[in-house]
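Right, one structure below, let's go through it.
Lettering follows sequence order; numbering is per chain, from 1.
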Amino acid sequence: MTQDSSKKPMDAIMALCKRRGFIYQASEIYGGINGFWDYGPMGAQLKKNLRDAWWQDMILRPCWGRNGPNGKPVRNVGLETCIIQHPKVWEASGHLAGFADPMRKCAGCGHFVRADQLWDTIVTASEWFASVIQEFDPAPEGTQTPRLNAERLMKWARTKGKRLAPNLALVRNPEVTLSWLVTRVNGQPESPPEIIEIVRHLATEQLNVTGLQDPCPRCGAVLGEPAPFKLMFETFAGLTQTEDNKVYLRPETAQGVFVQFKNVADTTRIKMPFGIGNTGRSFRNEITPRNFTFRSREFEQAELEFFCHPDESLDWYKFWRDFRMEWWKEIGLAGENLILREHEKDELSHYSQGTSDVEYRFPFTSPGFGELEGIAHRGNYDLTQHQKVSGAKLDFFDTDRGEILPNGGKKGERYLPHCIEPAAGLDRGALALICEGYTRDDSRASPEFLKLHPRIAPVKAAVFPLVAKDGMPEVAEKLHAELSDKFWKLGGVEMDEKQSIGKRYARMDEIGTPFCITIDGDTMAVQTVTVRDRDTATQQKVSLDKVGAFLSEKLGV
RNA sequence: GCGGGUGUAGCUCAGUGGUAGAGCGUCAGCCUUCCAAGCUGAAUGUCGGGGGUUCAAAUCCCCUCGCCCGCUCCA
C-alpha cells in the first residue's frame with residue numbers, strides 16, 4: 001500500500017532534489033530560464049537508469065521475453081533519429097499546421113483566443129454575451145435577428161455589463177457605441193444586422209476610425225489581429241537565416257521513426273509485426289511551463305512505434321496498453337497513484353481507434369492525475385501522410401500472409417501497416433518515481449527517504465566502516481573495490497567513513513540507496529557484515545565473502 | 001496572459017531604512033562499536049537581476065526574471 005501522493009509536500013520534494021543533486025534549475029546563476037531544468041549527478045543517473053530500463057525491456061528483451069497476442073515473441077528494434085528533420089516532415093505530420101493556430105490576443109486581459117473559433121467561443125462560452133443577449137427583444141415573426149432595445153442595453157451597460165465585460169465598448173462608452181448601432185439599424189431597415197454584426201458593434205467605439213471590432217469573450221475588450229501561435233521551436237540550418245533555411249526542433253520523436261520505417265524494414269530482415277523504439281529530446285513551446293519538471297519546454301521521450309497488420313492492430317493496442325501499465329508498476333509506481341485511463345470517444349483523434357494514458361497522481365495534480373505515457377492506436381495515419389507528402393512508397397510486403405502457393409510458400413500481402421504508439425515521458429517518469437519514492441516518517445532517525453526501486457536508484461549500495469579505526473576502513477576499502485568492480489555498470493557503489501554512522505545512513509536514505517553495508521566488530525571477529533535495508537531500517541548479518549552474491553540477488557542481476 | 005504568493009548561505013527561514021543572521025547541512029580535527037549523537041573549529045552571500053529615492057536600501061519606489069498556487073492554455 002503506497003502513501004497517497006497528495007499528502008506529500010511538493011516543496012519538500014523539490015528541496016530534496018536540489019539538496020542532493022537530483023534536479024537543478026537550468027541556468028540558475030543567470031536567474032533561471034522558464035521551462036528548462038537540469039539534472040544533477042543523482043538525477044542524471046536516475047534518469048539514465050530509467051531510460052536503460054525502458055531500452056532493455058522494450059528493445060533488448062521486449063516485454064521481458066513474453067509473447068505478443070499473435071503467440072510469438074515480441075520483436076522490437078532501436079533507432080536514433082535527428083532532432084532536426086526535413087521541414088516537410090512536420091508539414092506531413094500535421095504539426096506545422098496544428099502547432100501554429102492563429103491566435104488573437106486580448107488587449108484588455110491578455111487572454112488568447114483561437115481566431116477560427118472566436119465566434120463559436122463567444123456564443124457558447126462567453127458569460128457577458130450570454131447576459132447581454134437577453135436584453136434584446138425577441139426576434140419578430142419570420143426573422144432570425146432579435147430586436148434592439150436601446151434602453152435595456154444602456155441599463156445593462158451600467159449594471160451587469162460593468163461586472164461581466166468591463167472592457168466592452170458598450171460598457172465603457174454606452175452612448176456613442178449605441179448611437180452607431182442605432183444608426184446602422186435605422187439606416188438600412190431592409191437588411192437588419194445579424195447577431196455577429198450586432199456584437200461587433202457592441203465592441204466598437206470609434207466605428208469611423210477603426211471599423212468594426214471583435215470583442216474578447218472574457219472581458220469584452222478589443223481583440224488584436226490574428227497572429228500565428230508557434231508551439232514548435234524554430235531555427236535555421238545554414239548560415240543565412242532565410243525562410244528557405246528554416247527548420248524546426250522536433251516536438252516528438254515519433255516522426256523520425258515513421259520517416260525511417262522503410263529503411264528499417266528493408267535493411268534489418270525484421271518481419272511484421274515489429275516495433276521501432278527511439279528515445280531522445282523533444283521541444284515544445286508550452287504556453288505555461290509549470291509544475292517543476294512536469295511541463296518542460298525541452299524534455300525526453302521514449303517512444304515505440306509498433307507496426308502490424310490492420311486486422312491485428314486492436315489486439316496489439318490492448319497488449320501494449322496493458323504491458324506499459326504493468327511496466328511502470330514493475331519499476332516502482334505500484335499503487336493507487338497510478339491509473340490507466342482510456343480516452344473517451346470524443347477525445348480521440350479522428351484517425352485513432354483508441355488511446356489510453358498511463359497517469360500518475362503527482363502531489364501537484366492531486367486529486368487529479370498527470371500523463372506519464374500515452375498509448376495511441378494511430379492507424380496508418382502517419383505512414384499515409386508521409387507517403388502522400390514525400391511521394392515514397394511506404395507499404396510493406398508481408399511474406400507471411402496471403403494464400404498458400406503450390407510450392408508451399410505464401411503468396412504474400414502488400415499493405416500499409418497500422419501503428420500502435422506507446423510514448424512515455426522520461427522526465428515525467430523520473431519525477432513520478434521521485435514523488436512516489438519520497439517518504440517522510442518522523443519516527444525514524446532519518447525521517448526523509450526515497451524508496452526507489454533498486455533498478456532505478458542512482459547509488460546501489462554504500463560501504464561504511466562502523467568506526468574509522470581498528471582496521472575497519474581497510475576492510476571496507478577492499479569490499480568497496482570488490483563491489484564497485486562487480487556493479488559499476490548499474491550505478492554507483494559508495495564508500496563513506498566520515499562522521500557518525502547515523503548521518504551516513506541518513507544521507508544514503510535521501511538519495512534512495514537501497515542497501516548500506518557496515519563493517520563492524522563482528523566483521524573483524526567472524527567475517528560478517530551488517531546489511532541495512534533502506535525502507536525498513538532493519539539489519540541482517542551477511543558473510544563478508546557473500547556480500548557480492550547477496551547484492552546480485554537483490555539487484556536482480 | 002491574468003490574479004495571488006514568493007525570492008536572503010547547499011536546505012529551511014528570521015531580519016520593515018543604520019555593521020547581513022539562525023538552525024540544519026557541508027568540511028576539518030577529536031571522540032564514537034549502528035541510526036542526522038557529542039565537543040572544537042572552519043568555509044560558504046551578485047540579499048533573484050537592473051534602475052531610482054536616500055547621508056545610508058535586504059528593507060521604500062519603478063522595471064524585469066525565476067519559482068509556487070488559482071484561472072487560462074495544453075496541437
For [X] and [N], give me the distance from atom [atom1] to atom [atom2], rounded to whole Å.
| X | N | atom1 | atom2 | result |
| --- | --- | --- | --- | --- |
| I23(A) | G66(B) | CD1 | P | 19 Å |
| N291(A) | C67(B) | CG | P | 11 Å |
| K18(A) | G66(B) | NZ | P | 17 Å |
| F36(A) | C65(B) | CZ | C1' | 15 Å |
| Q25(A) | C65(B) | CD | C1' | 10 Å |
| F299(A) | C74(B) | CZ | P | 16 Å |
| I13(A) | C68(B) | CD1 | P | 13 Å |
| N34(A) | C67(B) | CG | C1' | 9 Å |

### Task
Look up atom CD in E300(A) and atom OG1 in T279(A), then write down how far apart they are to the nearest 0.5 Å.
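E300(A) atom CD to T279(A) atom OG1 measures 5.5 Å (nearest 0.5 Å).
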### Query
How long is the span from the CG atom in L394(A) to the CD atom in Q387(A), to the nearest 0.5 Å?
5.0 Å
Does [N] have a Watson-Crick or wobble mate here (both distances under 3.5 Å), and if so which one?
| N | result |
| --- | --- |
| C2(B) | G70(B) |
| C60(B) | G52(B) |
| G21(B) | C13(B) |
| C39(B) | G29(B) |
| G7(B) | C65(B) |

### Message
List the residues meeting salt bridge (charged side-chain N to carboxylate O under 4.0 Å, His left out) with E497(A), not counting sequence neighbours, and say none if there are none.
### Response
none
#### Entry: Partner residues of E344(A) under the salt bridge (charged side-chain N to carboxylate O under 4.0 Å, His left out) criterion, sequence neighbours left out
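So E344(A) forms no salt bridge (charged side-chain N to carboxylate O under 4.0 Å, His left out) with any residue.
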Can you tell me, in whole Å, how much space there is between the [atom1] of [N] and that of [M]?
| N | M | atom1 | value |
| --- | --- | --- | --- |
| C35(B) | A28(B) | C1' | 23 Å |
| C24(B) | C60(B) | C1' | 33 Å |
| C73(B) | A14(B) | P | 35 Å |
| G48(B) | C31(B) | P | 43 Å |
| C65(B) | U46(B) | C1' | 14 Å |
| A42(B) | A9(B) | C1' | 14 Å |
| A58(B) | U19(B) | C1' | 14 Å |
| G17(B) | C13(B) | P | 23 Å |

### Message
Tell me whether the rings of F464(A) and Y505(A) are parallel (<30°), tilted (30 to 60°) or perpendicular (>60°).
### Response
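The arrangement is tilted - the two ring planes meet at 30° to 60°.
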### Task
Can you label the angle between the H418(A) ring and the H377(A) ring as parallel, tilted or perpendicular, going by 30° and 60°?
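Aromatic pair H418(A)/H377(A) classed perpendicular.
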### Query
Start at the 5' end of RNA chain B and walk down; is the nucleotide closest to A15(A) or to T293(A) reached first?
A15(A)
### Message
Suppose we call two aromatic rings close when their centres sit under 6.0 Å apart. Are Y24(A) and W37(A) close by that rule?
### Response
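Ring-ring flag for Y24(A)/W37(A): false, centres at least 6.0 Å apart.
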### Query
Between F233(A) and Y248(A), is the gap from one ring center to the other below 6.0 Å?
no
### Query
How does protein reach along nucleotides 33-49 of chain B, written 5' to 3' as B (base within reach of a heavy atom under 4.0 Å), S (only sugar-phosphate), or - (no contact)?
BBBBB--------B---
### Query
Nearest to the side chain of K498(A) - C67(B), C74(B), A28(B)?
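Side chain of K498(A) sits closest to A28(B).
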### Task
Indicate, with a heavy-atom threshold strictly under 4.0 Å, whether F364(A) touches base, sugar-phosphate, or nothing.
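Touches sugar-phosphate only.
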### Query
Which part of the nucleic acid, if any, lies within contact of G40(A), taking any heavy atom under 4.0 Å across all strands shown: a base, the sugar-phosphate backbone alone, or nothing?
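Answer is nothing: G40(A) stays at 4.0 Å or more from every strand.
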### Task
State whether F294(A) and R428(A) meet the cation-pi test: NZ (Lys) or CZ (Arg) under 6.0 Å from the six-membered ring centroid, and within 45° of the perpendicular axis.
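Verdict for F294(A): a cation-pi partner in R428(A).
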